[in-house]
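Take a look at the structure below.
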2 protein chains.
Amino acid sequence: MAASLDTVFAALADPTRREILRMLLEDDMAVTDVAHPFQMSLAAISKHLAILAAAGLITQEKRGRVKWCKLEPDALKPASVWMQSFGQFEPVNLDDFEAFLERELGTERDAD
Amino acid sequence: MAASLDTVFAALADPTRREILRMLLEDDMAVTDVAHPFQMSLAAISKHLAILAAAGLITQEKRGRVKWCKLEPDALKPASVWMQSFGQFEPVNLDDFEAFLERELGTERDAD
DNA sequence: GGCATATTCAACCGATCGGTTGACGATTGC
DNA sequence: GCAATCGTCAACCGATCGGTTGAATATGCC
């Protein structure tokens, strides 16, 4: 549960997994629905979700035959704190933040 | 130079590389000096440094036969910003931050 | 010139990663 | 009961990772 920085950063290093997290930001989703927009097998997505769960970034709860995936943003905190120990020890500027959101988040899919 | 989130997060996913970054926070260092505290070959450290450089997290400048490694904290910004798009969109609490620094940064070596 | 120092290169190794496929176990609905 | 749906498991694949070793390439020093 209290996953290591290793597992959290490794989980974030894959664009598919970052996109999944972004999707879950909007709402909880079933595994099949998470898989739908991707061009890969359900099994592959299932593995990605297991990695995210192992990192604590999501939790999964089975209700009936449907397994619901829920974002756990607090799991990002240790990593975020670690990163902020670099730079000037001040939180990210909000203007930069918004500018970045438009550029980076919005174009995530064709960034690589 | 403007490395992708993929390469930055992947670079951060290794404890040796995070420790190297922490060392460079104090001062620029030569490759040999970076390698000194680690129980692995110089070639292995050289590879780690190449990965950090490819992610833009450090720059390397050769002066004479010595290659100096310099931390580039700004390279963390895109990743930091990406992470802050989760959670409550507010910067990390400074109390949490200090508590974490003592726990996580201070005990990085035996964390895994 | 010749030796020591600093660093990388190249080849290799076992382990892990990201993906596939096909079979399997639960659960639901008719 | 039975077929369809949801999701995972297991085996496999090629690629990448983190490490080693030994040779090679600069550079500095006397």
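All chains are named by letter (A, B, ...) in the order of the sequence lines, taking the proteins before the strands, and each is independently numbered beginning at 1. Source: prediction; values computed, not measured.
- Clustering ILVMFWY residues whenever any of their side-chain heavy atoms sit less than 4.5 angstrom apart, transitively, puts A/Leu5 in a cluster other than the one holding A/Ile51.
- In this structure, the CG atom of A/Asp14 is 18 Å from the P atom of D/dA15, given to the nearest Å.
- Picking from C/dG18, D/dG19, D/dG18 the nucleotide with the shortest atom distance to the side chain of B/Ala44 gives D/dG19.
- Just one residue in the list A/Thr59, A/Leu52, A/Leu25, A/Ile20 forms a side-chain contact (heavy atoms from CB on, under 4.5 Å) with A/Leu71, and that residue is A/Leu25.
- Distance from the side chain of B/Val31 is smallest for C/dT7 among the nucleotides C/dT7, D/dG7, C/dT20.
- A/Ile45 has its CD1 atom 16 Å from the P atom of D/dC9, to the nearest Å.
- No engagement by B/Leu49 is indicated, since no non-hydrogen atom pair under 4.0 Å with the nucleic acid exists.
- Of the listed nucleotides (C/dT8, D/dG7, D/dA11), C/dT8 has the atom at the smallest distance from the side chain of B/Leu42.
- In this structure, A/Ser46 does not reach the D/dG7 phosphate: none of its side-chain N or O atoms is under 4.0 Å from OP1 or OP2.
- As a whole-Å value, the separation of A/Glu19 CD from C/dG18 P is 16 Å.
- Taking only distance into account, the side chain of A/Lys62 never meets the base of D/dG7 through a donor-acceptor pair shorter than 3.5 Å.
- Between the CD atom of B/Glu61 and the P atom of C/dA6 there is a distance of 18 Å, given to the nearest Å.
- Listed nucleotides: C/dA6, D/dG19, D/dG22. Nearest to the side chain of B/Thr32: C/dA6.
- For B/Arg65 against C/dT7, a side-chain-to-base donor-acceptor contact under 3.5 Å is absent.
- Regarding B/Arg17, its CZ atom lies at a distance of 12 Å from the C1' atom of D/dG19, rounded to whole Å.
- Across the protein-nucleic acid pair, A/Met40 atom CE and D/dT8 atom P stand 15 Å apart, rounded to whole Å.
- At C/dT8, one or more side-chain N or O atoms of B/Lys67 fall inside 4.0 Å of OP1 or OP2 (strictly under the cut-off).
- Under 4.0 angstrom from either OP1 or OP2 of D/dG19 there lies no side-chain N or O belonging to B/Ser41.
- Between the C1' atom of C/dT16 and the NZ atom of A/Lys47 lies a distance of 11 Å, rounded to the nearest Å.
- The hydrophobic clustering, which links ILVMFWY residues whose side-chain heavy atoms are closer than 4.5 Å, places A/Trp68 and A/Leu49 apart.
- With the nearest nucleotide of DNA chain C identified for both A/Ala13 and B/Trp68, B/Trp68 has the one nearer the 5' end.
- Of the charged side-chain nitrogens involved, none lies within less than 4.0 Å of a carboxylate oxygen, so that A/Glu19 and A/Arg17 do not count as a salt-bridged pair.
- Taking all atoms of both residues into account, the shortest heavy-atom contact from A/Cys69 to A/Val31 is SG-CG2, 4.0 Å.
- One can place CG of B/Asp6 at 13 Å from P of D/dT16, the figure rounded to the nearest angstrom.
- Residue contacts for B/Ala30: at a heavy-atom cut-off of 4.0 Å it reaches the sugar-phosphate backbone alone, with no base atom in range.
- The side chain of B/Ala43 approaches D/dT21 more closely than any other nucleotide in the set C/dT20, D/dT21, C/dG18.
- Both B/Phe38 and B/Leu57 sit in one connected hydrophobic cluster of ILVMFWY residues. Membership requires side-chain heavy atoms under 4.5 Å apart, directly or through other members.
- Looking at heavy-atom distances under 4.0 Å, B/Arg63 makes no contact with the nucleic acid at all.
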